[in-house]
Amino acid sequence: NYLLVLIFFSQKLFEAELKRVQQYAVDVTLDPDTAHPHLILSDDGKQVHCGEEEKDLPDNPERFSEELLVLGKQSFSSGRFYFELQVKGKTGWVLGVARESVNRKELITPSPEKGLCTLGVYENIRIGLEDPAVHLSLQKVGVFLDYEEGLVSFHDVDDAALIYSFTGCSFTEKLYPLFCPKVNVTNDKDHERGGKKVKPLIICPVHQSV
């Protein structure tokens, strides 16, 4: 009984924390000038997936040329911010924030020291973080940034659970939302029909979910 009570109160704490960070929701859109040429963005700047061929785009300084990444148009240099992504049906993706000076022309090892605070998932397994790898089954992920506190946290919106937090970061420049939809995964039945099953990352409106 004690364990059940403890689980109940722990869940209530997670729900309260999610509701708290959701009040800092901001409207985020994707910046096409930063998108790797393999990425395809929707006209409204709310969806991104990886295309079959690399588009012929100008290699401007803002554009990622090695990593399949795109940044948001909005920058954060103080305060608290929150946004949500639908990842339902995707087995691989990366979300988080990047500092303005992140290297956009070379391969990047994701870490706060390299200018990235990100959550990476491959085949539904959380990877690339100090904690042990964990199997995740997610539909919607919330990303919260507290600039002054040096905090970036990732939340399972549907279960009101904390997935991971970067704490004690020292931010001194603009930060941008960062997204990577990963490469397309061929679905066997679709492949037989000569097609591919493509699931985009989708920036969602934030609703008080708990």
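Side chains are part of it too, since the values below use all heavy atoms of this structure and drop only hydrogens, waters and symmetry mates.
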Applying the ring pair (Phe, Tyr, Trp, His ring centres under 6.0 Å) criterion to F171, which one of Y147, F76, F166, Y176 satisfies it?
Y147
Among H207, E84, H155, whose side chain to side chain donor-acceptor pair (under 3.5 Å) with Q22 holds?
E84
Distance-only, no hydrogens or angles: does the E67 side chain make a donor-acceptor pair with backbone N or O of I108 under 3.5 Å?
yes
Does this structure show an ion pair linking D27 with K46, if we count only N-O contacts that are shorter than 4.0 Å?
yes
Mind checking side chain to side chain contact (heavy atoms under 4.5 Å, CB included) for E113 and listing every partner two or more places apart, or none if nothing turns up?
S111
Between T29 and Q74: side-chain donor-acceptor atoms closer than 3.5 Å
yes
The criterion is side-chain hydrogen bond (donor to acceptor under 3.5 Å, both in side chains); which residues satisfy it with S165, sequence neighbours excluded?
none
For K140, is there an ion pair with D156 - N to carboxylate O distance below 4.0 angstrom?
no
Using only heavy-atom distances, determine whether the side chains of E173 and S101 contain a donor-acceptor pair under 3.5 Å.
yes
Side-chain donor-acceptor pair under 3.5 Å between S137 and H135, yes or no?
no
Please test D33 against K73 for salt bridge (Lys or Arg N to Asp or Glu O under 4.0 Å), starting from the C-alpha separation and ending with a verdict.
CA-CA 9 Å; D33 290 337; K73 289 183 178 180; over 6 Å; no
With a 4.5 Å cut-off on side-chain heavy-atom distances among I, L, V, M, F, W and Y, is there a chain of contacts connecting V28 to L116?
no
